[in-house]
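Working notes for the structure below.
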Amino acid sequence: MMESQKYAIVDLETTGHSPANGDRMIQIAIVIMKDWEIERTYTKFINPGKAIPSFIQDLTHITNEDVKDSYPFEEHADYIYELLADCVFVAHNADFDLSFLQAEFKRAGLPKWQGKKMDTVELAKILFPMSLGFKLGDLAADLNIELANAHRADDDARATAELFKCCWKELLNLPQLTLEQMHKRSFRLKSNISQLFFEALQIKRQHKTSYENVHYYRNFAICNGRNKHDHASETIDYPQTVADKTALMTKALPNFEERPAQFKMMDTIWQALHEQKECVIEASTGIGKTAGYLLPAIVYARTVHKKIAISTYTSYLQEQLVEEELPKIEKILGTKVNICVLKGMQHYIDLDRFEQCMAYADESYDDTFSILQILVWLTKTETGVLSELNVSGGGQLFLEKIRKIPNDQPSKGFDFYEQALKNSTFADCIVTNHAMVLSDLVRQTPIFTQIDGWIIDEAHQFIQAAMQQDEIVFSYTQWKYIFGQIGTMEDTALYQLFCEAAKKKQRVSMQSLQRLDAQFIRLQRAFDETIQRAVQSMQHHMKGKRASSKCTLFIEDVTLAKESFSQVSKLTQQWLDLATEAAQGFENNIEQLDKNDMYVLSEWHYWIREVKIKIAEWEEIFLSSHDGSSVWLEFDVRSVPGSLHVFKKPANVTPIIEQVLAPLRKQASIVWTSGTLTVPGNERFVTRQLGVSDSVEVIKLQAPPAYYAGAKAFIVTDMPDIQHVSQEEYIEAVAHAITRTVRMTEGRCFVLFTAQDMLRKTVELIQDSELLDDYMLFAQGVTGGSRMRILKSFQKFSHAVLFGTNSFWEGVDVPGDALASVIVVRLPFSSPEEPVFKARAKHLTAQGRNSFTELSLPEAIMRFKQGFGRLIRSSQDKGAFIVLDRRITSKSYGKEFIKALPPIDVKKLQLPELLKELNHWQK
C-alpha cells in the first residue's frame, strides 16, 4: 500500500544556484514522513567554506556568524545519504534540490543517489490550479500552513511536508471519474506523481465514495454549485441620517471610523439612482469609495426591485469587489446579496471543445498538464471563467483553443456563459467590466437592457478601455504561427491530419485537397513578398537616421503597395472558400467520424475562424481609410520582419463612448467614480472625453488631512535641467540621487520612470556602480515576470527597490511598511512621438485648440496624482514622495502638479539637504 511508503521531504538553502560555479549549501532540512505522519526531522547548518552573499543573508536570514562553527557538507554526507535510502525524494522544485544534493554527494565521493522523486510544485499546480502563485509561501498562505520563516530550510521542509499532505487529501476529495482521467495522463509528467494518482484511485474504487457537489458531463465532472439563486427579495431601509449610518456600520464593523466624505458619497449616489440622474464623484484614497457606492446601490436594488450594474476596469478589481467588499456589505445589511459576475463570452470555457481536445491522442506536455489542471478546476469552479486558472505560457496556448467563441451551433450540454447570462436575470447586482459594456453596442442581442442604475468605477479608465476596444493589431509572428498550425501536405501539421481523415471513405476528393494545398502555398508566398516589400520601405525610411533598436514609424511615412495587400486579401478569401467547402464534405458523413476525426474537424473550423479574424484586421489596417485613427508600425531593427507589429487606434474615443451610452442614459442613472477624475485648472478633462454634459457637477471628496499625516513631498532642486543636458548626464544624476536616497531610507522604494529606455540605462548604471549590491533590484521589462510577480517579489525583501514605468503609476497597492518612498524621475508627460498621443494632439490642433494645455498637461497631472497614490494606502502609512524633475519648480505649469497633491508638506531642497531630512525623519 502507498501509505507505508516513506517520503523524505527535503529543503536546501545555498549560496547560489550553481554548484559547478562554486555555490555551496548553507542549511539542509529533511522531514521523514510515513503513513502521512511526520516520523522524524533532521536539520543542520552547513559551513560553505565561503562568504554568504548579502542578498542571500537578506532572503534567508542566515548569516556568516550562523555557519562559522558548523561542519562542511562532507562531514554529514554519509548520514544524509543513508537517511534518503528507500525513500521517495520530495521537494518544492525537486529538480533544483536533488541536482544540488547530487553534486554535493559527488564532491564528497559518494555515488549518485538512486530513487524516485516527486515535485510539490508540479503536484500543487495540478491540484490547486486557482492559486495565485506556486511559491511555497504563496501556497502556505492559501492553505493555512504555518510558515514562520520562509527561506529557512527547517521551516520550508516542514511546510512542504504539510503541503504534500494537503495535496494527498485534495486527491482523495476528487471524483473517481476525474481521478481516472488524470491517472491516464499522469505518466507524461516530469516527476513520479502518477503513483499518488493510482493510490488515490484505488482507495476511491474500494470505498465507492459519492461526490455530492459534481455533475457528470460525459467524460469529466463539473462543480454543481452553479444554479444556486438566492431569491432574497426583502427590502432594506436606506440609513438616511449620519446617526443611522454610523449605527449600521458600527454594529457590523467594530473598528469602524466615521468618514463624512463616505457618507456624502452614499447620499449622492442614493439620490442619483432615485432621480435617474447622471453624477460624477472623484473619491480620493482613504474615504472608503467601494463601500460608498456598494451600500446605496444594493439597498436601492432591493427597495425598487431593479437591477444595478457595477463596471470596473480590471479583473483584479472585480474579484476584490466580490470576494472582499461584498461580504462586508452583506454583514452591514444583515442579508445575502444576489450578485452575478458577467464577462465577455471569450472569458469562459467551451466544454464541448475541451472534450474534443481530451479525446485527441497526440498531446504535448503543456497540453497534458493544462488538461490535468482543468479537470481539477472543473470540480471547483462555479463560473467557468478561464482567468481563474493559473497556467504556464504553454498552458495559455491551450486555453486559447478551448475559449468560448461566437458559434452558430448551440452547445451540446452545459454552458457556463449561458448560465452566467441566466444568473444575471435573477441578480440584484451585476458586476462586469468596461470592455463588456462597450462591446454591448455590437452584440447581436444586447445584454444590458434591464439595468436601472450604473456605477462605473475607475471611470477615467473607461477612455482607455474604449481605445483598446477599437484597437486593431497586425502581428507578423501571429500570421506565421497560424500558417504553421495549418501547414501543407508536406508538413506534419493540421492539414496533413485533415487530408488523412478526409481520404478515409473518400469524404473529400484528392483533387479538392490538392487545389486547397496549392492555394495555401500561393497565399503564403504572396504574404511573405508583401511584408518583405514593406520591410524594404521601412529600412529605406530609417537609412541615415540615428535610432535605437526599437523603432516606431507612422504608416504615412512608409510606401506600401496597396495592390499587393489587396492580392493577399483576395487569395485568403479564395483559400477560405475552398477550406469551408472541404469541411462541408467532411460533415456530410458526420455519423461515421471517430473521436480523432471529430477533433481534426473541430480544429479545422477553429483555424478557419482565426484566418477570418486575421484577414478582417488586415483589411481594416492596410486597405481601409484611416480618418480619425492613428496607424503606426513598431519593430526592432535587429529582427525584422519577426518583430513587426502594426497598430490602428482611434484618435478620439468620445463619439464611441457616447454611442454606447446613449441608450443607457435614456433608461438608467449613471454614476461615474474614480480616485482621479480632475486636474487643477481643467476639471472637465475626463468628463468631456466620457461625453458627460458640463451641467453635471463634479463632486470632489477628499480624505481628511489627518489621513495624509504620514506623507511628505520633496522636490530636489539641484538636479540638472532635463531639457539642457544629454540623456547620459541626466541618467548619471538620477542614478546618483536614487542610490543615495535608497541607502538613506534602507530600500522599500518605488522609482517611477516614463520611458523603458531610461529605466533600463539607469538600472544598468546602478548595477555597474555596485553601490546598491546589498539591495534586491526589481525592474519592469528587465526582471522577468508579470507586474504582479515583480511586485510580490519586491514585497518579500526589506532591502529592495522597484523600478517601474507606465503601469506601475497606478493600480499597484503596497500597503504599510512595504513602501517607504516613491521617486519620480521625470514628470509623466507622454512622449510627443507616442503615436496615439501624436494623433490626438494633431486632432486638437486642427480645431485651433492648444494640445499642451488641453491634453499633454492634464494627462501628466493625472498620472502624477496616481503616482502619489502608490505611497499612502491607509492612515497608518508613512512615506516620502520625491520629485527629481526640476521643471516642477522652473516651469509655470509646475505649480499645477503641486496643487494636485493632497494637503501635505512640500519641501524644495538640494540633494544633501534631502538626505539629512530623510535621515532625521527615519529616526
Side-chain angles (χ1 to χ4, degrees), residues 230-277 279-310 312 317 320-339 427-431 452-457 669 671-675 697 699-709 815-816 872-877 902:
D230 178 4
H231 291 286
S233 57
E234 73 271 21
T235 57
I236 311 157
D237 291 330
Y238 178 72
Q240 298 284 352
T241 66
V242 169
D244 289 344
K245 291 184 188 72
T246 306
L248 192 65
M249 306 288 255
T250 310
K251 194 169 71 176
L253 311 168
N255 301 322
F256 175 73
E257 293 172 32
E258 185 188 314
R259 289 177 274 191
Q262 186 184 52
F263 288 178
K264 185 177 179 188
M265 184 175 185
M266 288 177 181
D267 289 341
T268 305
I269 291 173
W270 177 253
Q271 190 181 348
L273 291 170
H274 270 280
E275 294 175 5
Q276 296 272 294
K277 280 185 175 173
C279 79
V280 180
I281 303 171
E282 181 179 64
S284 77
T285 310
I287 75 155
K289 172 179 59 130
T290 312
Y293 65 67
L294 269 179
L295 189 138
I298 286 161
V299 175
Y300 175 79
R302 281 290 177 78
T303 306
V304 299
H305 304 292
K306 295 282 177 108
K307 224 180 288 301
I308 291 289
I310 296 168
T312 69
L317 231 145
Q320 209 177 17
L321 260 177
V322 176
E323 289 163 26
E324 293 174 33
E325 300 298 333
L326 191 75
K328 290 180 200 168
I329 299 298
E330 289 180 329
K331 199 174 173 189
I332 291 164
L333 298 176
T335 182
K336 278 281 179 202
V337 176
N338 204 334
I339 198 159
D428 302 316
C429 178
I430 295 171
V431 176
D452 203 56
W454 282 92
I455 313 284
I456 314 276
D457 195 1
S669 50
V671 175
W672 302 93
T673 185
S674 172
E697 181 193 359
I699 297 161
K700 290 189 270 190
L701 302 174
Q702 186 86 39
Y707 181 82
Y708 301 104
I872 302 295
R873 309 298 291 174
S874 82
S875 56
Q876 280 75 48
D877 284 358

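Only this structure's heavy atoms are used, side chains among them; waters, hydrogens and symmetry mates stay out. What you are looking at is a predicted structure, and each value in this text was computed from that prediction instead of being measured.
Between the CG atom of Leu253 and the NZ atom of Lys331 there is a distance of 6.5 Å, given to the nearest 0.5 Å. From Thr335, atom OG1 reaches atom CZ of Arg302 across 4.0 Å, with rounding to the nearest 0.5 Å. Note that the CD1 atom of Ile281 and the CD atom of Glu697 stand 10.0 Å from one another [nearest 0.5 Å]. Here the straight-line distance linking atom CD of Gln702 with atom OG1 of Thr285 works out to 9.0 Å at 0.5 Å rounding. Remark: Cys429 SG to Ile308 CD1 distance equals 7.5 Å, nearest 0.5 Å.
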Under the side-chain contact (heavy atoms from CB on, under 4.5 Å) rule, what do Asp452 and Gln276 come out as? Steps first, then yes or no, please. CA-CA 8 Å; Asp452 203 56; Gln276 296 272 294; 3.5 Å; yes
Given side-chain contact (heavy atoms from CB on, under 4.5 Å), test Thr268 with Tyr293 step by step and report yes or no. CA-CA 9 Å; Thr268 305; Tyr293 65 67; over 6 Å; no
For Ile332 and Met249, run side-chain contact (heavy atoms from CB on, under 4.5 Å): C-alpha distance rounded to whole Å, both residues' side-chain angles, the deciding distance at 0.1 Å, then the answer. CA-CA 6 Å; Ile332 291 164; Met249 306 288 255; 3.6 Å; yes
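A 4.5 Å side-chain heavy-atom check between Ile329 and Ile298 finds at least one atom pair inside the cut-off. Side-chain contact between Thr303 and Ile236 is absent, with no heavy-atom pair separated by less than 4.5 Å. At least one side-chain heavy atom of Val242 sits under 4.5 Å from a side-chain heavy atom of Glu258. Within the 4.5 Å cutoff, side-chain heavy atoms of Glu325 are placed close to those of Leu294. The shortest distance between side-chain heavy atoms of Ile310 and Ile430 does not fall below 4.5 Å. Residues Thr312 and Gln320 have side chains not in contact (no heavy-atom distance under 4.5 Å, counting atoms from C-beta outward). Between Tyr238 and Asp267, the closest side-chain pair of non-hydrogen atoms falls below 4.5 Å. Using a 4.5 Å heavy-atom cutoff, the side chains of Ile699 and Met265 are not in contact.
Salt bridge annotation for Lys700-Glu282: absent, with no cationic side-chain nitrogen under 4.0 angstrom from a carboxylate oxygen. Between Lys306 and Asp428, no side-chain nitrogen of the basic residue sits less than 4.0 Å from a carboxylate oxygen of the acidic one, so the salt-bridge criterion is not met.
Enclosure of atom CG in Asp237 is not indicated, since only 12 or fewer non-hydrogen atoms of other residues, nucleotides or ligands lie within 6.0 angstrom.
Between the side chain of Arg259 and the main chain of Ala703, no donor-acceptor pair closer than 3.5 Å is present.
Nearest heavy atom pair, residue Ala291 against residue Gln262, reads CB-NE2, 3.6 Å. Residues Lys277 and Glu275 come closest through the heavy atom pair NZ-OE1, 3.0 Å. The minimum heavy-atom distance linking Gly675 with Lys289 is given by the pair N-NZ, 4.4 Å.
Glu323 is linked by a side-chain contact (heavy atoms from CB on, under 4.5 Å) to Glu319, counting only residues two or more places apart in sequence or in another chain.
Test Val671, Leu273, Thr673 against Cys279 for side-chain contact (heavy atoms from CB on, under 4.5 Å) and you get one pass: Val671.
Aromatic ring pairs are classed by plane angle as parallel below 30°, tilted from 30° to 60° and perpendicular above 60°; the pair Tyr300 and Trp270 is perpendicular.
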